[in-house]
Protein chains: 2
Amino acid sequence: MSDENKCCLFSPEDCARISRACVAFQLRRAARKVTKAFDEALRPSGLKITQFSLLTASFLQENQNVGRLAELLGMDRTTLSRNLKLLENRGLVKLEEGEDRREVRVSLTEEGLEAMEKAAPLWHQMQKQIVSGLGEFRWEAMMSELRLLGKALKK
Amino acid sequence: MSDENKCCLFSPEDCARISRACVAFQLRRAARKVTKAFDEALRPSGLKITQFSLLTASFLQENQNVGRLAELLGMDRTTLSRNLKLLENRGLVKLEEGEDRREVRVSLTEEGLEAMEKAAPLWHQMQKQIVSGLGEFRWEAMMSELRLLGKALKK
DNA sequence: GATATTTAAGTGTATATGCTCTTATCATGA
DNA sequence: TCATGATAAGAGCATATACACTTAAATATC
(Lines give C-alpha, C1' and ligand atoms only; values in the text may rest on other atoms or scores of the structure.)
Protein backbone atom coordinates (compact mmCIF):
# COMPACT_ATOMS: atom_id res chain seq x y z
CA MET A 1 0.00 0.00 0.00
CA SER A 2 1.45 3.35 -0.97
CA ASP A 3 2.07 6.12 1.49
CA GLU A 4 -0.30 8.68 0.08
CA ASN A 5 -3.18 6.26 0.56
CA LYS A 6 -2.41 5.71 4.19
CA CYS A 7 -3.48 9.24 4.88
CA CYS A 8 -6.68 9.39 2.86
CA LEU A 9 -9.18 9.37 5.60
CA PHE A 10 -7.69 8.33 8.87
CA SER A 11 -4.34 8.07 10.45
CA PRO A 12 -3.17 5.05 12.39
CA GLU A 13 -4.09 7.04 15.48
CA ASP A 14 -7.68 7.45 14.33
CA CYS A 15 -7.72 3.79 13.56
CA ALA A 16 -6.43 2.88 16.98
CA ARG A 17 -9.16 4.98 18.52
CA ILE A 18 -11.80 3.15 16.49
CA SER A 19 -10.41 -0.16 17.57
CA ARG A 20 -10.24 0.70 21.24
CA ALA A 21 -13.62 2.38 21.28
CA CYS A 22 -15.66 -0.04 19.21
CA VAL A 23 -18.41 -1.47 21.37
CA ALA A 24 -18.86 -4.41 19.06
CA PHE A 25 -15.20 -5.33 18.94
CA GLN A 26 -14.70 -5.10 22.70
CA LEU A 27 -17.88 -7.01 23.43
CA ARG A 28 -17.15 -9.72 20.93
CA ARG A 29 -13.62 -10.12 22.21
CA ALA A 30 -14.77 -10.34 25.79
CA ALA A 31 -17.46 -12.82 24.78
CA ARG A 32 -14.87 -14.99 23.03
CA LYS A 33 -12.63 -15.07 26.07
CA VAL A 34 -15.39 -15.72 28.55
CA THR A 35 -16.91 -18.38 26.32
CA LYS A 36 -13.56 -20.10 26.10
CA ALA A 37 -13.09 -20.01 29.86
CA PHE A 38 -16.52 -21.50 30.51
CA ASP A 39 -16.19 -24.08 27.77
CA GLU A 40 -12.96 -25.32 29.33
CA ALA A 41 -14.48 -25.36 32.78
CA LEU A 42 -17.55 -27.26 31.58
CA ARG A 43 -15.64 -29.76 29.48
CA PRO A 44 -15.99 -32.64 31.99
CA SER A 45 -19.77 -32.26 31.70
CA GLY A 46 -19.76 -32.67 27.92
CA LEU A 47 -21.58 -29.37 27.50
CA LYS A 48 -20.47 -26.06 26.10
CA ILE A 49 -21.61 -22.90 27.83
CA THR A 50 -24.01 -22.13 25.00
CA GLN A 51 -25.62 -25.52 25.43
CA PHE A 52 -25.76 -25.17 29.19
CA SER A 53 -27.51 -21.84 28.69
CA LEU A 54 -30.04 -23.38 26.34
CA LEU A 55 -30.80 -26.23 28.70
CA THR A 56 -31.23 -23.79 31.56
CA ALA A 57 -33.55 -21.65 29.49
CA SER A 58 -35.54 -24.67 28.39
CA PHE A 59 -35.92 -25.70 32.01
CA LEU A 60 -37.09 -22.24 33.00
CA GLN A 61 -39.45 -21.88 30.06
CA GLU A 62 -40.77 -25.41 30.11
CA ASN A 63 -42.88 -26.15 27.06
CA GLN A 64 -42.26 -22.78 25.45
CA ASN A 65 -42.32 -22.50 21.68
CA VAL A 66 -39.19 -21.83 19.66
CA GLY A 67 -40.01 -18.31 18.52
CA ARG A 68 -40.82 -17.02 21.97
CA LEU A 69 -37.74 -18.70 23.42
CA ALA A 70 -35.57 -17.05 20.79
CA GLU A 71 -37.07 -13.71 21.69
CA LEU A 72 -36.33 -14.25 25.38
CA LEU A 73 -32.78 -15.30 24.63
CA GLY A 74 -32.20 -12.43 22.25
CA MET A 75 -31.13 -14.69 19.44
CA ASP A 76 -32.32 -15.35 15.93
CA ARG A 77 -35.09 -17.89 15.72
CA THR A 78 -33.32 -19.93 13.09
CA THR A 79 -30.14 -20.04 15.16
CA LEU A 80 -32.02 -21.31 18.16
CA SER A 81 -33.85 -23.80 15.99
CA ARG A 82 -30.61 -25.36 14.80
CA ASN A 83 -28.97 -25.29 18.23
CA LEU A 84 -31.97 -27.04 19.74
CA LYS A 85 -31.85 -29.63 16.98
CA LEU A 86 -28.33 -30.55 18.06
CA LEU A 87 -29.46 -30.95 21.65
CA GLU A 88 -32.39 -33.05 20.50
CA ASN A 89 -30.04 -35.33 18.58
CA ARG A 90 -28.14 -35.90 21.82
CA GLY A 91 -31.37 -36.65 23.64
CA LEU A 92 -31.13 -33.62 25.91
CA VAL A 93 -34.28 -31.83 24.84
CA LYS A 94 -37.58 -32.88 23.38
CA LEU A 95 -39.15 -31.01 20.47
CA GLU A 96 -42.85 -31.59 20.00
CA GLU A 97 -45.58 -30.25 17.78
CA GLY A 98 -47.76 -27.83 19.72
CA GLU A 99 -51.55 -27.62 19.83
CA ASP A 100 -51.13 -24.97 17.20
CA ARG A 101 -49.47 -27.33 14.78
CA ARG A 102 -47.19 -24.63 13.41
CA GLU A 103 -45.48 -24.38 16.76
CA VAL A 104 -42.68 -26.50 18.18
CA ARG A 105 -42.63 -26.87 21.93
CA VAL A 106 -39.36 -27.33 23.78
CA SER A 107 -38.80 -29.31 26.94
CA LEU A 108 -35.92 -30.93 28.80
CA THR A 109 -35.53 -34.68 28.89
CA GLU A 110 -34.32 -36.58 31.95
CA GLU A 111 -30.91 -36.76 30.34
CA GLY A 112 -30.98 -33.06 29.68
CA LEU A 113 -31.69 -32.42 33.32
CA GLU A 114 -28.89 -34.72 34.37
CA ALA A 115 -26.43 -33.01 32.03
CA MET A 116 -27.45 -29.65 33.44
CA GLU A 117 -26.98 -30.87 37.00
CA LYS A 118 -23.58 -32.23 36.18
CA ALA A 119 -22.52 -28.96 34.60
CA ALA A 120 -23.97 -26.66 37.26
CA PRO A 121 -21.16 -26.90 39.85
CA LEU A 122 -18.55 -26.43 37.13
CA TRP A 123 -20.41 -23.39 35.91
CA HIS A 124 -20.64 -22.07 39.43
CA GLN A 125 -16.93 -22.39 40.03
CA MET A 126 -15.93 -20.47 36.90
CA GLN A 127 -18.58 -17.87 37.51
CA LYS A 128 -17.22 -17.30 41.00
CA GLN A 129 -13.70 -17.07 39.67
CA ILE A 130 -14.62 -14.46 37.09
CA VAL A 131 -16.75 -12.40 39.44
CA SER A 132 -14.07 -12.32 42.10
CA GLY A 133 -11.41 -11.60 39.49
CA LEU A 134 -13.37 -8.58 38.35
CA GLY A 135 -14.52 -7.61 41.80
CA GLU A 136 -18.08 -7.92 43.00
CA PHE A 137 -18.81 -4.24 42.51
CA ARG A 138 -17.53 -4.03 38.94
CA TRP A 139 -19.28 -7.22 38.05
CA GLU A 140 -22.64 -5.91 39.26
CA ALA A 141 -22.07 -2.73 37.32
CA MET A 142 -21.19 -4.60 34.17
CA MET A 143 -24.23 -6.85 34.35
CA SER A 144 -26.44 -3.83 34.73
CA GLU A 145 -24.78 -2.08 31.79
CA LEU A 146 -25.15 -5.13 29.61
CA ARG A 147 -28.84 -5.28 30.40
CA LEU A 148 -29.23 -1.60 29.63
CA LEU A 149 -27.35 -2.08 26.39
CA GLY A 150 -29.77 -4.82 25.45
CA LYS A 151 -32.72 -2.58 26.15
CA ALA A 152 -31.19 0.31 24.24
CA LEU A 153 -31.01 -1.93 21.18
CA LYS A 154 -34.44 -3.48 21.65
CA LYS A 155 -36.12 -1.95 18.63
CA MET B 1 -40.25 -34.53 32.81
CA SER B 2 -41.63 -35.84 36.08
CA ASP B 3 -42.08 -33.65 39.12
CA GLU B 4 -39.64 -35.42 41.42
CA ASN B 5 -36.87 -34.77 38.94
CA LYS B 6 -37.55 -31.10 38.76
CA CYS B 7 -36.32 -30.73 42.31
CA CYS B 8 -33.18 -32.83 42.17
CA LEU B 9 -30.65 -30.14 42.25
CA PHE B 10 -32.14 -26.77 41.53
CA SER B 11 -35.48 -25.13 41.52
CA PRO B 12 -36.68 -22.89 38.72
CA GLU B 13 -35.63 -20.01 40.96
CA ASP B 14 -32.04 -21.26 41.16
CA CYS B 15 -32.12 -21.70 37.46
CA ALA B 16 -33.36 -18.18 36.89
CA ARG B 17 -30.53 -16.92 39.04
CA ILE B 18 -28.01 -18.82 36.96
CA SER B 19 -29.46 -17.41 33.79
CA ARG B 20 -29.51 -13.82 35.01
CA ALA B 21 -26.07 -14.04 36.58
CA CYS B 22 -24.15 -15.92 33.90
CA VAL B 23 -21.39 -13.69 32.61
CA ALA B 24 -21.07 -15.74 29.45
CA PHE B 25 -24.75 -15.67 28.62
CA GLN B 26 -25.15 -11.95 29.19
CA LEU B 27 -21.99 -11.12 27.27
CA ARG B 28 -22.88 -13.34 24.36
CA ARG B 29 -26.37 -11.95 24.20
CA ALA B 30 -25.13 -8.38 24.26
CA ALA B 31 -22.54 -9.24 21.62
CA ARG B 32 -25.24 -10.70 19.37
CA LYS B 33 -27.38 -7.61 19.65
CA VAL B 34 -24.55 -5.16 19.14
CA THR B 35 -23.18 -7.18 16.24
CA LYS B 36 -26.58 -7.14 14.61
CA ALA B 37 -26.93 -3.41 15.05
CA PHE B 38 -23.53 -2.69 13.53
CA ASP B 39 -24.00 -5.20 10.72
CA GLU B 40 -27.21 -3.45 9.74
CA ALA B 41 -25.59 -0.05 9.96
CA LEU B 42 -22.61 -1.15 7.87
CA ARG B 43 -24.63 -2.95 5.23
CA PRO B 44 -24.27 -0.21 2.60
CA SER B 45 -20.51 -0.63 2.85
CA GLY B 46 -20.64 -4.35 2.10
CA LEU B 47 -18.74 -5.12 5.30
CA LYS B 48 -19.81 -6.80 8.49
CA ILE B 49 -18.56 -5.38 11.76
CA THR B 50 -16.21 -8.33 12.21
CA GLN B 51 -14.67 -7.63 8.82
CA PHE B 52 -14.42 -3.93 9.51
CA SER B 53 -12.60 -4.78 12.74
CA LEU B 54 -10.18 -7.05 10.92
CA LEU B 55 -9.42 -4.45 8.28
CA THR B 56 -8.85 -1.85 10.95
CA ALA B 57 -6.54 -4.18 12.85
CA SER B 58 -4.65 -5.05 9.67
CA PHE B 59 -4.20 -1.36 8.97
CA LEU B 60 -2.92 -0.72 12.48
CA GLN B 61 -0.63 -3.73 12.51
CA GLU B 62 0.58 -3.40 8.96
CA ASN B 63 2.58 -6.43 7.87
CA GLN B 64 2.03 -8.34 11.08
CA ASN B 65 1.98 -12.13 11.01
CA VAL B 66 -1.21 -14.09 11.59
CA GLY B 67 -0.33 -15.58 14.96
CA ARG B 68 0.60 -12.29 16.55
CA LEU B 69 -2.45 -10.59 15.08
CA ALA B 70 -4.65 -13.31 16.55
CA GLU B 71 -3.04 -12.75 19.91
CA LEU B 72 -3.68 -9.01 19.74
CA LEU B 73 -7.29 -9.57 18.72
CA GLY B 74 -7.87 -12.19 21.39
CA MET B 75 -9.07 -14.75 18.90
CA ASP B 76 -8.02 -18.20 17.89
CA ARG B 77 -5.30 -18.27 15.25
CA THR B 78 -7.21 -20.66 13.05
CA THR B 79 -10.32 -18.49 13.20
CA LEU B 80 -8.39 -15.43 12.17
CA SER B 81 -6.69 -17.40 9.43
CA ARG B 82 -9.99 -18.34 7.86
CA ASN B 83 -11.53 -14.91 8.29
CA LEU B 84 -8.54 -13.33 6.61
CA LYS B 85 -8.80 -15.83 3.78
CA LEU B 86 -12.32 -14.57 3.05
CA LEU B 87 -11.09 -10.99 2.95
CA GLU B 88 -8.25 -12.03 0.68
CA ASN B 89 -10.72 -13.66 -1.70
CA ARG B 90 -12.53 -10.35 -1.88
CA GLY B 91 -9.27 -8.55 -2.56
CA LEU B 92 -9.37 -6.55 0.65
CA VAL B 93 -6.21 -7.87 2.25
CA LYS B 94 -2.99 -9.33 0.96
CA LEU B 95 -1.47 -12.43 2.54
CA GLU B 96 2.20 -12.96 1.79
CA GLU B 97 4.88 -15.37 2.84
CA GLY B 98 7.21 -13.73 5.35
CA GLU B 99 11.00 -13.80 5.46
CA ASP B 100 10.55 -16.66 7.82
CA ARG B 101 8.72 -18.76 5.31
CA ARG B 102 6.49 -20.31 7.95
CA GLU B 103 4.90 -16.95 8.57
CA VAL B 104 2.11 -15.24 6.69
CA ARG B 105 2.16 -11.46 6.67
CA VAL B 106 -1.06 -9.48 6.49
CA SER B 107 -1.57 -6.14 4.83
CA LEU B 108 -4.42 -4.07 3.47
CA THR B 109 -4.91 -3.62 -0.25
CA GLU B 110 -6.08 -0.37 -1.83
CA GLU B 111 -9.53 -1.86 -2.06
CA GLY B 112 -9.38 -2.86 1.58
CA LEU B 113 -8.57 0.68 2.52
CA GLU B 114 -11.39 2.01 0.40
CA ALA B 115 -13.86 -0.40 1.96
CA MET B 116 -12.72 0.68 5.39
CA GLU B 117 -13.13 4.33 4.52
CA LYS B 118 -16.58 3.73 3.19
CA ALA B 119 -17.59 1.89 6.34
CA ALA B 120 -16.02 4.29 8.83
CA PRO B 121 -18.74 6.95 8.91
CA LEU B 122 -21.43 4.27 9.19
CA TRP B 123 -19.52 2.73 12.05
CA HIS B 124 -19.18 6.10 13.71
CA GLN B 125 -22.87 6.84 13.54
CA MET B 126 -23.90 3.58 15.16
CA GLN B 127 -21.18 3.87 17.74
CA LYS B 128 -22.43 7.32 18.68
CA GLN B 129 -25.98 6.07 18.89
CA ILE B 130 -25.06 3.24 21.21
CA VAL B 131 -22.83 5.33 23.42
CA SER B 132 -25.42 8.04 23.83
CA GLY B 133 -28.13 5.43 24.36
CA LEU B 134 -26.14 3.98 27.22
CA GLY B 135 -24.86 7.29 28.49
CA GLU B 136 -21.28 8.43 28.18
CA PHE B 137 -20.47 7.58 31.76
CA ARG B 138 -21.86 4.04 31.70
CA TRP B 139 -20.22 3.41 28.38
CA GLU B 140 -16.80 4.40 29.71
CA ALA B 141 -17.33 2.20 32.72
CA MET B 142 -18.34 -0.76 30.59
CA MET B 143 -15.35 -0.44 28.28
CA SER B 144 -13.06 -0.40 31.26
CA GLU B 145 -14.76 -3.43 32.78
CA LEU B 146 -14.53 -5.34 29.52
CA ARG B 147 -10.81 -4.63 29.34
CA LEU B 148 -10.35 -5.76 32.93
CA LEU B 149 -12.34 -8.88 32.22
CA GLY B 150 -10.02 -9.63 29.34
CA LYS B 151 -6.99 -9.21 31.54
CA ALA B 152 -8.47 -11.34 34.29
CA LEU B 153 -8.82 -14.17 31.76
CA LYS B 154 -5.42 -13.63 30.13
CA LYS B 155 -3.79 -16.89 31.20
C1' DG C 1 -66.97 -21.73 2.67
C1' DA C 2 -63.23 -20.06 -0.37
C1' DT C 3 -59.51 -16.98 -0.65
C1' DA C 4 -56.23 -13.82 1.21
C1' DT C 5 -53.36 -12.63 5.00
C1' DT C 6 -50.69 -13.51 8.89
C1' DT C 7 -47.71 -16.31 11.52
C1' DA C 8 -44.43 -20.26 13.12
C1' DA C 9 -40.90 -22.70 11.73
C1' DG C 10 -37.51 -24.83 8.39
C1' DT C 11 -33.90 -24.54 4.38
C1' DG C 12 -30.15 -22.72 1.79
C1' DT C 13 -26.27 -20.19 2.18
C1' DA C 14 -22.56 -17.77 4.31
C1' DT C 15 -19.67 -16.11 8.02
C1' DA C 16 -17.59 -16.69 12.81
C1' DT C 17 -15.58 -19.55 16.17
C1' DG C 18 -12.26 -22.85 18.17
C1' DC C 19 -10.43 -27.70 19.04
C1' DT C 20 -7.31 -31.41 17.41
C1' DC C 21 -4.15 -33.03 14.34
C1' DT C 22 -0.92 -32.34 10.59
C1' DT C 23 2.64 -30.13 7.74
C1' DA C 24 6.32 -27.14 6.66
C1' DT C 25 10.02 -24.52 8.23
C1' DC C 26 13.37 -22.88 11.46
C1' DA C 27 16.74 -23.39 15.20
C1' DT C 28 19.77 -26.19 17.97
C1' DG C 29 22.98 -29.43 19.32
C1' DA C 30 25.62 -33.61 18.65
C1' DT D 1 25.27 -32.35 8.47
C1' DC D 2 21.88 -34.73 10.43
C1' DA D 3 18.57 -35.55 13.99
C1' DT D 4 15.65 -33.31 17.23
C1' DG D 5 12.76 -30.17 19.04
C1' DA D 6 10.22 -25.84 18.57
C1' DT D 7 7.16 -22.90 16.03
C1' DA D 8 3.87 -20.94 12.31
C1' DA D 9 0.19 -22.00 9.87
C1' DG D 10 -3.30 -25.06 7.53
C1' DA D 11 -6.93 -28.93 7.35
C1' DG D 12 -10.71 -31.51 9.23
C1' DC D 13 -14.41 -31.24 12.04
C1' DA D 14 -18.11 -29.33 14.77
C1' DT D 15 -20.88 -25.66 16.73
C1' DA D 16 -22.83 -20.75 16.70
C1' DT D 17 -24.81 -17.14 14.20
C1' DA D 18 -28.15 -14.77 11.10
C1' DC D 19 -30.25 -13.26 6.51
C1' DA D 20 -33.39 -14.32 2.64
C1' DC D 21 -36.55 -17.35 1.08
C1' DT D 22 -39.91 -21.11 1.52
C1' DT D 23 -43.54 -24.00 3.56
C1' DA D 24 -47.34 -25.11 6.33
C1' DA D 25 -50.87 -23.92 9.39
C1' DA D 26 -54.08 -20.68 11.51
C1' DT D 27 -56.85 -16.58 11.04
C1' DA D 28 -59.42 -13.01 8.78
C1' DT D 29 -62.25 -11.31 5.11
C1' DC D 30 -65.44 -11.46 1.73
Side-chain angles (χ1 to χ4, degrees), chain A residues 24-25 27-43 46-55 57 64-71 73-90 92 95-106 153, chain B residues 24-25 27-43 46-55 57 64-71 73-90 92 95-106 153:
Chain A
F25 175 67
L27 261 178
R28 290 183 66 91
R29 178 159 69 174
R32 281 195 297 269
K33 290 195 173 189
V34 167
T35 299
K36 187 182 166 78
F38 273 99
D39 280 354
E40 277 167 12
L42 293 189
R43 192 162 308 166
L47 292 177
K48 304 183 68 174
I49 185 62
T50 46
Q51 298 164 339
F52 179 68
S53 293
L54 281 197
L55 292 182
Q64 188 58 271
N65 67 352
V66 175
R68 176 71 182 132
L69 203 50
E71 201 179 331
L73 293 169
M75 71 170 56
D76 191 87
R77 184 183 47 74
T78 65
T79 301
L80 178 59
S81 212
R82 285 175 223 259
N83 291 355
L84 285 172
K85 192 73 191 157
L86 293 172
L87 295 176
E88 188 195 29
N89 293 343
R90 289 173 60 181
L92 303 180
L95 302 177
E96 295 171 301
E97 193 176 72
E99 280 184 52
D100 180 335
R101 280 160 52 224
R102 290 172 302 182
E103 291 184 350
V104 169
R105 297 275 168 179
V106 185
L153 293 169
Chain B
F25 174 68
L27 263 179
R28 291 183 66 90
R29 178 160 66 175
R32 280 194 299 267
K33 289 195 174 188
V34 168
T35 299
K36 187 181 166 79
F38 274 99
D39 280 354
E40 276 167 14
L42 293 189
R43 192 163 307 168
L47 293 177
K48 304 184 67 173
I49 184 62
T50 47
Q51 298 164 340
F52 178 69
S53 294
L54 280 197
L55 293 182
Q64 189 57 271
N65 67 350
V66 175
R68 176 70 184 133
L69 203 51
E71 202 178 332
L73 293 169
M75 70 170 55
D76 191 85
R77 184 183 47 75
T78 65
T79 300
L80 178 59
S81 212
R82 284 173 224 258
N83 291 354
L84 285 173
K85 192 73 190 159
L86 293 173
L87 294 177
E88 188 194 28
N89 293 343
R90 288 172 61 179
L92 303 179
L95 301 177
E96 295 171 301
E97 193 175 72
E99 282 184 49
D100 180 336
R101 281 162 51 225
R102 290 170 303 182
E103 290 183 351
V104 169
R105 297 274 167 180
V106 184
L153 291 171

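Numbered from 1 within each chain, the chains take letters A, B, ... in sequence-line order. Heavy atoms only: backbone and side chains are in, while hydrogens, waters and symmetry mates are out.
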Undergrad: Quick one: does B:Asn65's side chain get under 4.5 Å of B:Val106's, heavy atoms only?
TA: no
Undergrad: Minimum heavy-atom separation for A:Gly74 and B:Lys33, please, with both atom names.
TA: CA-CE, 4.3 Å
Undergrad: Look at all strands and tell whether B:Arg43 reaches a base, only sugar-phosphate, or nothing, counting heavy atoms closer than 4.0 Å.
TA: sugar-phosphate
Undergrad: With hydrogens left out and only the distance checked, is there a donor-acceptor pair under 3.5 Å joining A:Arg102's side chain and the base of C:dT7?
TA: yes
Undergrad: Once side chain to side chain donor-acceptor pair (under 3.5 Å) is applied, do any residues pair with B:Ser81, and if so which ones, sequence neighbours excluded?
TA: none
Undergrad: Looking across every strand, which nucleic acid part, if any, lies under 4.0 Å from B:Asp39 by heavy atom: base, sugar-phosphate, or nothing?
TA: nothing
Undergrad: Is there a residue in residues 77-87 of chain A whose heavy atoms reach under 4.0 Å of DNA chain C, and which residues are they?
TA: A:Arg77, A:Thr78, A:Ser81, A:Arg82
Undergrad: Report the distance from atom CD of A:Glu103 to atom P of C:dA8, rounded to the nearest whole Å.
TA: 7 Å
Undergrad: Within this structure, what is the CD1-to-P distance between B:Ile49 and C:dT15, rounded to whole angstrom?
TA: 17 Å
Undergrad: Please report the closest heavy-atom contact between A:Phe52 and A:Leu42, naming both atoms and the distance.
TA: CB-CD1, 3.9 Å
Undergrad: Could you tell me the separation between the CD atom of A:Glu97 and the P atom of C:dA8, rounded to a whole number of Å?
TA: 15 Å
Undergrad: Work out which heavy atom in A:Leu153 is nearest to a heavy atom in B:Ala37; give both atom names and the distance.
TA: CD2-CB, 4.0 Å
Undergrad: What is the nucleic acid contact for B:Arg68, judged by heavy atoms within less than 4.0 Å: base, sugar-phosphate only, or nothing?
TA: nothing
Undergrad: Keeping B:Arg32 on the side-chain end and A:Asp76 on the backbone end, is there a donor-acceptor pair under 3.5 Å?
TA: no
Undergrad: Rounded to the Å, how far apart are A:Asp76 CG and C:dT11 C1'?
TA: 13 Å
Undergrad: Take A:Asn65 and A:Arg28, find for each the nucleotide of DNA chain C with the closest heavy atom, and name the residue whose nucleotide sits nearer the 5' end.
TA: A:Asn65
Undergrad: Nearest-Å distance, CG (B:Asn89) to P (C:dA16)?
TA: 12 Å
Undergrad: Taking the side chain as every heavy atom from C-beta outward, state whether B:Leu84 and B:Val104 have any pair of such atoms under 4.5 Å apart.
TA: no
Undergrad: State whether the side chain of A:Asp39 and the backbone N or O of A:Ile49 hold a donor-acceptor pair below 3.5 Å, judged by distance alone.
TA: yes
Undergrad: Nearest-Å distance, CD (A:Glu40) to C1' (C:dT17)?
TA: 14 Å
Undergrad: Under 4.0 Å between a side-chain N or O of B:Arg101 and OP1 or OP2 of C:dC26?
TA: yes
Undergrad: Measure the distance from CD on A:Gln51 to C1' on C:dT17 and round it to the nearest whole Å.
TA: 14 Å
Undergrad: So, A:Glu40 and A:Arg43, do they make that salt bridge, N to O below 4.0 Å?
TA: no
Undergrad: Using whole Å, what does the distance between atom P of nucleotide C:dA16 and atom CZ of B:Arg32 come to?
TA: 17 Å
Undergrad: Mind checking which nucleotides bracket the chain A contacts on DNA chain D, 5' to 3', with an atom under 4.0 Å from a heavy atom?
TA: D:dT15 to D:dA26
